[in-house]
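All values derive from a computational prediction rather than experimental measurement.
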Amino acid sequence: MDYALEPGRPPTDFPPIDFRGELNDEQYAAVTAEPGPMLVLAGAGSGKTRTLTYRVAWLLSQGVHPAEILLLTFTNKAAKEMLHRVEDLTGFGSGRFWGGTFHHIGHRLLRMHGEVIDIDGRFTILDSGEAESFLRDATETVDRSFFRDKTHPKPKPLSNILSMSRNTCLGFSETVLRYFPQHDHIIERLPSIAEVYSKAKRKHQVVDYDDLLVYWLELIEKAPEIAEIYQKRFRHTLVDEYQDTNILQARIIDNMAPSHQIMAVGDDAQCIYSWRGANFENIITFPDRHTGTRIFRIETNYRSTPEILTLANSVLRNHLSGQGFEKELRPARPSNIRPFVVQSMDTREQAVFVVSRLRGLIDEGRSPSEIAVLYRAHFHAIDLQVELSRESIPFQITSGVRFFEQAHVRDLIAHLRFVYNPQDVVAFTRLAVLLPRIGDKGARKLYDRAVNIARKEEKNLLDVLRSPAIVDRVPKDAKPDWTPLIDTLIDMREAARDSTPAEVVQLGTEGWYQMYMQGAYANYLSRSDDLRSLIGFAERYQDLQELLAQVALLNSEVSDRSVDDDDEAIRLTTIHQAKGLEFEVVFVIGLADGMFPLRRAIEGGDLDEERRLFYVSVTRAKDELYLCHPRVSMKGGPVMSMPPSRFLEELPSDTYETLRLRRNPGW
């Protein structure tokens, strides 16, 4: 329900709030500031949500009507939590505010005014699968053979390309070269595909997720009379996590609040989502775009010990480019131990140390759910997941799956299983259904026919799969992929006879599946890193049977000890997924150059965001922090020494203790 602006003010029985007593000086200054453009730089653990919540309560206490406040967040959870806190403070129900995610507010406005830009208010929102189906049809209208080329992106990654272009307001060429360089050969085709896709949606009066923002901006830019209604209505606009906004969102905010009654709350040092389109410049240039901006710094940290904050502040001072706002986190807690920098020989020794220390922490009374292990990339935690499984220590992957349960890893393991045992019809089926127009039944028919021919002609099954008798039965659309897939399997079979498991795995990572991933996944590069890491893992085993047995046992052990969200379990998570969380004890693993920062970031000269990730990782810790550096590469090939992460090298020596492990793992 939309509440019309009422001539009167809010009820006179507004519950009294002791703003001065419930806020520190920094929070109080921001909460009670006079209206105008405000940038609130809220450091890690400083009470950002509290500041936003009390700002809404303050505005209400000053006579601002709930319907005059627009609150924008990035998740429904954040919006509900904030409005629930406001209701607890003021008694004003959440339904009286315009609050929610950008997409939620965009949807609401388009329902009411979409017809102004030829969007029927009864439009349907496509889910991701439906949107990909529309995009597939549009693409095949432009080029019927587009998806037959296995290096071309499939509908899902193609959708990601179009989405990134729209959210960053970049042309297709720059979008692809910056975010999807593996698809630079299709740049010229993208404009016509996007145009046909857009027209198809218009024709059927459907919108995808991005349209909710794109059309919102179009509405307020092309219909000034509509824009003026809401510019006058919303006397105050509050934006949470402003550092995560993309260009499209920033333009929407600037157009909705031209009178500059806006409070943007965020932390430039925690801008870590450029790979999703977030633009660091939005928060940096906010004062330039909003004349008269006052900057408020909230720097008192209630989360971490002084020793952890001393280290975190040193990270902030090491930005190579000198970009960002100066800030200094100040502790509100008593002193404790300094963080530890832990050197290990390799990732296996690192894992043994972490597990040993985990047991010690639990014995000391720490709850497992208050302990987290953070890493830059998923494959960095392979050895740790193996060690935790062996030691029967429950663990959870936050917003992700365990390494060996990931689809692309299971696909590569299916290669190995079928090469080792051609009778493994499950492994064969998993690979065959990756090809166009082959389902489970079709895969089984091809397999059964090949088995019969192999038996009659006394031939090897893999050789039969490449013969005309089978290839002729493969669906037309799958034929271009069939032969390269079988050739890869044959190459792996030959290598398995007289080479190491690592060499067999390497052939699998470099064969047909590499080309398949390029078209199937938008995050092709990170998935390739995952598969290459399996080469090093395989080097520990003498034969393929031993490697496959170990993987099967690990997956079985994991399944037997699955845990619910509320169970006591160690948290394993990438740093991106850990943002906004906090733990009593944090381990950051893989702090070696090439791992963290990633090799791609080093080679691309894009280290600022990697350093911000490091800052985010260390500020998750409340009481204890362990920064772990493996000295030898875990990937396949010759043993290579890895220097400590440059982020460790930049730390003053008095901000941490160095812990050198005994080679005997009985710590």
Check your understanding: Is the count of non-hydrogen atoms from other residues, nucleotides or ligands lying under 6.0 Å from Lys156 atom NZ greater than 12?
Key -> no
Practice item. Ignoring hydrogens and angles, tell me if any N or O in the side chain of Asp127 forms a donor-acceptor pair with the backbone of Glu130 under 3.5 Å. Key: yes
Exercise for review: Could you tell me if the ring centre of Tyr516 sits under 6.0 Å from that of Tyr513?
Suggested key: yes
Point to revise | Electrostatic pair Arg85-Glu81, nearest N-O below 4.0 angstrom | key: yes
Practice item. Please answer whether the main-chain N or O of Asp606 pairs with a side-chain N or O of Arg600 as donor and acceptor at a distance below 3.5 Å. Key: no
Check your understanding: Under 6.0 Å from the six-membered ring centre of Tyr273 and within 45° of its axis: does the NZ or CZ of Arg276 meet both?
Key -> yes
Practice item. Classify the angle between the aromatic ring planes of His378 and Tyr375 as parallel (below 30°), tilted (30 to 60°) or perpendicular (above 60°). Key: tilted
Check your understanding: Would the number of heavy atoms belonging to other residues, nucleotides or ligands and lying under 6.0 Å from CZ of Arg473 be above 12?
Key -> no
**Study point:** Side-chain (Ser61) to main-chain (Trp58) donor-acceptor, under 3.5 angstrom
**Key:** yes
Exercise for review: Could you tell me whether Lys48 and Glu241 make a salt bridge, using a distance below 4.0 angstrom between a side-chain N and a carboxylate O?
Suggested key: yes
Exercise for review: Would you please classify the geometry between the Tyr230 ring and the His113 ring as parallel, tilted or perpendicular, with 30° and 60° separating the classes?
Suggested key: perpendicular
Practice item. Please check if the side chain of Ser159 supplies one atom and the backbone of Pro155 the other of a donor-acceptor pair under 3.5 Å. Key: no
Practice item. Could you tell me how the ring of Phe428 sits relative to the ring of Trp482: parallel (under 30°), tilted (30 to 60°) or perpendicular (over 60°)? Key: perpendicular
Check your understanding: When you check the side-chain N and O atoms of Arg108 and His104, is any donor under 3.5 Å from an acceptor?
Key -> no
Exercise for review: For residues Leu60 and Arg96, determine if any side-chain heavy atom of one lies less than 4.5 Å from a side-chain heavy atom of the other.
Suggested key: no
**Study point:** Contact list for residues 432-443, test side-chain hydrogen bond (donor to acceptor under 3.5 Å, both in side chains), sequence neighbours left out
**Key:** Arg437-Asp477
Review point. Testing Gln514, His408, Gln518 for side-chain hydrogen bond (donor to acceptor under 3.5 Å, both in side chains) with Arg527, which one passes?
Key: His408
Review point. Is Arg148 atom CZ crowded by more than 12 heavy atoms from other residues, nucleotides or ligands, each under 6.0 Å away?
Key: yes
Check your understanding: Side-chain contact, heavy-atom cut-off 4.5 Å: Ile105 with Ile252?
Key -> no
**Study point:** Any donor-acceptor N/O pair, His107 side chain to Leu212 backbone, under 3.5 Å
**Key:** no
Point to revise | Check: Ile161 main-chain N/O paired with Ser165 side-chain donor or acceptor under 3.5 Å | key: no
**Study point:** All pairs passing ring-ring contact (aromatic ring centres under 6.0 Å, His included) where residues 174-194 contributes a residue, at least two apart
**Key:** His152-His185
Check your understanding: Quick one: do Arg294 and Glu34 make a salt bridge, cutoff under 4.0 Å?
Key -> no
Practice item. Just do the salt bridge (charged side-chain N to carboxylate O under 4.0 Å, His left out) check on Asp211 and Arg166 with the steps written out, would you? Key: CA-CA 9 Å; Asp211 288 330; Arg166 303 176 84 190; 2.5 Å; yes
Review point. Where do Gln243 and Cys271 come nearest, in terms of heavy atoms and distance?
Key: O-SG, 3.4 Å
**Study point:** Thr488 side-chain N/O to Pro484 backbone N/O, donor-acceptor pair under 3.5 Å
**Key:** yes
Point to revise | Over all atoms of both residues, closest heavy-atom pair of Ala414 and Arg430 | key: CB-CD, 3.9 Å
**Study point:** For Phe234, the option from Met256, Gln261, Glu68 that meets side-chain contact (heavy atoms from CB on, under 4.5 Å)
**Key:** Met256
Check your understanding: Between the main-chain N or O of Phe123 and the side-chain N or O of Asp120, is there a donor-acceptor pair closer than 3.5 Å?
Key -> no
Review point. Just wondering, do Phe97 and Met82 contact through their side chains at under 4.5 Å, heavy atoms?
Key: no
**Study point:** Glu225 atom CD: more than 12 heavy-atom contacts under 6.0 Å
**Key:** yes
Check your understanding: Taking it one step at a time, do Arg189 and Val142 satisfy side chain to side chain contact (heavy atoms under 4.5 Å, CB included)?
Key -> CA-CA 8 Å; Arg189 303 189 185 195; Val142 175; 5.8 Å; no
Check your understanding: What's the shortest heavy-atom distance between Glu609 and Ser274, and which atoms?
Key -> OE1-OG, 2.6 Å
Check your understanding: Any donor and acceptor pair, going by atom type alone, linking the side chain of Asn255 with main-chain N or O of Ile220 inside 3.5 Å?
Key -> no
Review point. Between Glu195 and Lys199, is there a salt bridge with N-O shorter than 4.0 Å?
Key: yes
**Study point:** Test item: Met517 and Leu531 side chains (from C-beta on) under 4.5 Å apart, heavy atoms
**Key:** yes
Point to revise | Contact check, side chains of Ile262 and Phe286, non-hydrogen atoms, under 4.5 Å | key: yes
Check your understanding: What heavy-atom pair brings Asp530 and Phe403 nearest, and what distance separates the two atoms?
Key -> O-CZ, 3.6 Å
Point to revise | Flag side-chain contact, heavy atom, 4.5 Å: Phe102 against Thr245 | key: yes
Revision key, fill the gap. Between Leu158 and Ile193, the two heavy atoms sitting closest are CD2-CG2, 4.4 Å
**Study point:** Any Phe379 side-chain heavy atom under 4.5 Å of Gln406 side chain
**Key:** no
Review point. Just wondering, do Asp88 and Thr53 contact through their side chains at under 4.5 Å, heavy atoms?
Key: no
Review point. Do side-chain atoms of Gln231 reach the backbone of Ala257 as a donor and acceptor pair under 3.5 angstrom?
Key: no
Practice item. Over all heavy atoms of both residues, which pair between Phe172 and Ala194 is shortest? Give the atoms and the distance, please. Key: CZ-CB, 3.6 Å
